[in-house]
> 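Below are the structure tokens for one structure; questions will follow.
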Amino acid sequence: MHSALRPKPSVKLPPSLIPSTVDHLPHPILKKSCLSQNNDHHHHQKLIINGTDHHQISSSSSSLNNTTIIDKSNWSLGLINSKGKYLTAETFGCKINATGTSLKRKQKWLIIYNIQYDCVYLQSPLNHYLSTDKYGRLKCDMNDIDDDCRFQLEFNRNGQWAFRSLTYGMYLGGDIDQLHCFSKTPEWWSPHLALHPQINLKHVLRKRYAKLDEDEIHIDEIIPWGSDAILAVEYLHDHYCIRSSNGFYFHKDGKVITKQTDETLFTIELHKGYITFKDCDQCYLTAIGPLGIMTTRNKIAGKDEQFLLEESKLQICLVAPNGKLVSIKQGIALSANQHQRDHSSIFQLEYDEDFQAYHLRTYDNKYWKIEGLGIQATADKKSIETSFHIQSVGHGYVTFQTSNGKFIVPHATGNMRIVTDQISSNDAYFSIKFINRPFCVFKCDFGHVGYRNKQSRILECNKSLFTLFTLEEPDIETHCEGIVYLKSSDGLYWEILNDLYVSVSSCEPSKFALELCSSYSRVVIKAPNGMYLRAEQNGSIQATCQNSRQATQWEF
């Protein structure tokens, strides 16, 4: 019997759904969408993958200059022309050209969908809008949207996009520094999504998330929880692969398989502002049956074929000084009294720029909150009482400081107590374990981490395409020291060479440590030599930093 026809199992739903409002957030559409790994003047901007933090917007649209914008369907991406060059916005003079050879900051454009006119706007990395006049002359220096900024999208069978001026009817095209908008026939661009590839996939109509279920992907999760809900979207020569949490490739027929084939390649399109995936037979990805089994079926894209790619926030388990897991298994109070991991002992980290602190969400959609001298999971929305400063103290340990400056220390009974404003011992130290990263993709300002070239095992950090690594846990005894092993798909481990470069060439695991940063859900990596990894613009990665504050912060 096909799994789509199996009877739907009884599922106990969480008592509350995703909270719809956050009282302190600014309006999202006025914020530039960028990748959060930037450490320059964009470092303090919010991580946005498709234009929004997906738990934080209550309405589906907003107004900008009297036009209707869908908040949840703004996409950051690069555009590659027929010569293989990226559309580029230069820093000086607001000039644009098609000279980029890889997807860097100057090549990341925000595609903003307008529901009123069924068109899109192209916003440059400098927050300016691309426009054309009646002669096809392009400008990219406008801070406000007008009629000349409107483009309609068209798609071909190869998954390429054309941008047609809604006002003048001509197509965006050209090469190098001779770009224009007066082509009468489509000139095609290939879209390269500018996102961290580890995502949660949400079906727009069903309002459910995808998760791995044996050899299938089911779209039936109300809240994406645990490692099975993480997917990777991998860009490969104008196509995309969808990889499940075990690293397998999603096949168009609905199964996950071990090898990449033509049947695992998809192209992407935007329909009504949402993303669609199309397979090699021109059929669109959808969900079927009561279990929401993901597969391709129809050759016309409708509401059933629309998806969102949302940021996969870090989910963690915490081991208290008594060696037990912190959980809410016994009720709403946080207590360190469990030995076995389950949903009640997993917490999601959500960094908040406004408070410059973390909020911790539980599996039943509540937030940690200060209640008297304790911590309880009772809050429906974020506030100052739900914000916590997390500070790494090395060796995989962190401390939690509340908004009133006091630290969380477990009581002898296991209950979390707020009892001190100074740390005098390791009673306030919690060991942290990352739960929803069965594989790792590391990314910094300069690009993804990958091999220097096909012949080299040395890692560099300026790659457009990522490499997957497995996060392997040592035994419990060594894990208490914050140790992890990083392994490649061919079974070899990361190691530090004599010149302090990182190579994936060891048959035996080397002891690395991932330390959570105090902001933006990033990590620094401590090498076996006691030094932290530092990335350079030329791509080099070396274990040379003594201080974690000088080390590179990695999107993870």
Side-chain angles (χ1 to χ4, degrees), residues 29 32-33 50-51 61-82 85-90 94-98 100 103 106-156 158-175 177-194 238 267-276 301 306:
I29 195 62
K32 173 176 165 56
S33 175
N50 54 13
S61 64
S62 64
S63 177
L64 182 62
N65 287 359
N66 299 318
T67 60
T68 305
I69 308 294
I70 294 186
D71 287 330
K72 293 189 175 183
S73 53
N74 302 333
W75 301 87
S76 181
L77 49 78
L79 294 170
I80 309 169
N81 69 4
S82 59
K85 301 297 184 181
Y86 285 83
L87 182 64
T88 301
E90 299 295 348
C94 299
K95 301 293 185 181
I96 60 170
N97 55 58
L103 185 58
K106 293 193 296 184
Q107 288 78 38
K108 293 171 186 174
W109 294 77
L110 186 64
I111 307 295
I112 303 173
Y113 178 68
N114 176 277
I115 192 173
Q116 181 178 357
Y117 298 101
D118 190 24
C119 69
V120 298
Y121 307 109
L122 284 83
Q123 188 182 46
S124 78
L126 301 174
N127 279 338
H128 297 139
Y129 294 94
L130 185 68
S131 65
T132 181
D133 62 17
K134 63 182 179 180
Y135 301 108
R137 293 177 298 204
L138 293 171
K139 292 193 305 180
C140 196
D141 57 0
M142 299 182 63
N143 294 316
D144 298 313
I145 290 173
D146 64 15
D147 293 353
D148 290 349
C149 299
R150 297 173 184 165
F151 294 88
Q152 285 187 321
L153 282 173
E154 297 179 10
F155 311 101
N156 64 14
N158 298 322
Q160 295 170 309
W161 300 4
F163 294 84
R164 178 178 176 271
S165 170
L166 186 62
T167 303
Y168 305 108
M170 298 299 185
Y171 291 91
L172 175 66
D175 192 24
D177 58 355
Q178 301 297 317
L179 299 181
H180 57 77
C181 190
F182 57 73
S183 296
K184 294 183 178 180
T185 57
E187 295 199 26
W188 300 104
W189 301 79
S190 298
H192 183 178
L193 289 173
D238 300 340
T267 57
I268 62 170
E269 298 175 358
L270 289 186
H271 289 269
K272 302 300 181 182
Y274 297 105
I275 204 166
T276 62
Q306 295 173 353

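Numbering of residues begins at 1 and proceeds along the displayed sequence. All figures in this text were calculated on a predicted structure; none of them were measured in a lab.
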> Can you name the nearest heavy-atom pair linking Ser76 to Lys108, along with the distance?
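That would be OG-CB, 4.2 Å.
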> Do Glu90 and Asn97 have side-chain N/O donor and acceptor atoms under 3.5 Å apart?
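Glu90 vs Asn97: donor-acceptor pair found between side chains.
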> Side chains of Val120 and Ile112: does their closest heavy-atom pair fall under 4.5 Å?
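With C-beta onward as the side chain, the pair stays apart.
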> Dump the intermediate steps for side chain to side chain contact (heavy atoms under 4.5 Å, CB included) on Asn81 and Trp188, then the final yes or no.
CA-CA 6 Å; Asn81 69 4; Trp188 300 104; over 6 Å; no
> Can you tell if the side chain of Asn158 reaches within under 4.5 Å of the side chain of Asp238, non-hydrogen atoms only?
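Counting from C-beta outward, Asn158 and Asp238 never come under 4.5 Å.
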> Decide yes or no on side chain to side chain contact (heavy atoms under 4.5 Å, CB included) for Leu130 and Phe163, but give the supporting numbers first.
CA-CA 11 Å; Leu130 185 68; Phe163 294 84; over 6 Å; no
> So do Thr185 and Tyr171 actually touch side chain to side chain, heavy atoms under 4.5 Å?
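Of all side-chain heavy-atom pairs linking Thr185 with Tyr171, none is under 4.5 Å.
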> Under 3.5 Å, side chain of Thr88 to main-chain N/O of Tyr86, donor-acceptor pair present?
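Yes: the side chain of Thr88 pairs with the backbone of Tyr86.
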> Look up atom CG in Asn143 and atom CD in Gln123, then write down how far apart they are to the nearest 0.5 Å.
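The distance works out to 9.5 Å.
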> Quick check for you: to the nearest 0.5 Å, what is the distance between Asp144 atom CG and Ser131 atom OG?
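Going from the CG atom of Asp144 to the OG atom of Ser131 covers 11.5 Å.
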> Would you call Leu270 and Tyr113 a side-chain contact if the rule is heavy atoms closer than 4.5 Å?
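Sidechains of Tyr113 and Leu270: no contact.
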> Which distance, rounded to the nearest 0.5 Å, do you find between the CD1 of Ile268 and the OG of Ser190?
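These two atoms lie 10.0 Å from each other.
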> About how many Å separate CG of Asp118 and NZ of Lys272, when rounded to the nearest 0.5 Å?
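Lys272 atom NZ to Asp118 atom CG measures 4.0 Å (nearest 0.5 Å).
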> Pair Trp75, Leu193 - check side chain to side chain contact (heavy atoms under 4.5 Å, CB included), show working.
CA-CA 8 Å; Trp75 301 87; Leu193 289 173; 4.3 Å; yes
> Grab the two heavy atoms, one from Leu166 and one from Tyr117, that are nearest each other, plus how far apart they are.
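Nearest pair, atom of Leu166 first, then Tyr117: CD2-CB, 4.0 Å.
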> Kindly give the heavy-atom pair with the smallest separation between Glu187 and Gly173, and that separation in Å.
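So the two residues come closest at OE1-CA, 3.2 Å.
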> What pair of heavy atoms forms the shortest contact from Tyr121 to Asn114, and how long is it?
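What the structure gives for the nearest pair is OH-ND2, 3.4 Å.
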> How long is the straight-line distance from CG of Leu87 back to CH2 of Trp189, given to the nearest 0.5 Å?
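Going from CH2 on Trp189 over to CG on Leu87, the span is 5.0 Å.
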> Using the six-membered ring wherever Trp is involved, compare the ring planes of Trp161 and Phe155 and label them parallel, tilted or perpendicular (cut-offs 30° and 60°).
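Trp161 and Phe155: perpendicular rings.
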> Ignoring hydrogens, what is the shortest heavy-atom contact between Phe151 and Cys181? Give both atom names and the distance.
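Reported closest heavy-atom pair: CE2-SG, 4.0 Å.
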> Are Tyr129 and Ser124 close enough that some pair of their side-chain heavy atoms sits under 4.5 Å apart?
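Answer no - side chains too far apart.
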> Identify which one of Asp147, Asp146, Asp148 satisfies the salt bridge (charged side-chain N to carboxylate O under 4.0 Å, His left out) criterion when paired with Arg150.
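Filter result, single survivor: Asp147.
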> Any idea which heavy atoms bring Arg164 and Gly169 closest together, and the distance?
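Where Arg164 meets Gly169 most closely, the heavy atoms are NE-O, 3.6 Å.
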> Could you walk me through whether Leu110 and Leu122 satisfy the side chain to side chain contact (heavy atoms under 4.5 Å, CB included) test, starting with their C-alpha distance in whole Å, then the side-chain angles of each, then the deciding distance to 0.1 Å, before giving a yes or no?
CA-CA 6 Å; Leu110 186 64; Leu122 284 83; over 6 Å; no
> Do Lys184 and Met170 come within less than 4.5 Å of each other through their side chains, counting heavy atoms only?
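Of all side-chain heavy-atom pairs linking Met170 with Lys184, at least one is under 4.5 Å.
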> Do Leu138 and Leu172 touch side chain to side chain, with heavy atoms closer than 4.5 Å?
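Answer yes - side chains close enough.
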> From Gln306 CD over to Tyr274 OH, what is the distance, rounded to the nearest 0.5 angstrom?
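Output value for this atom pair is 7.0 Å.
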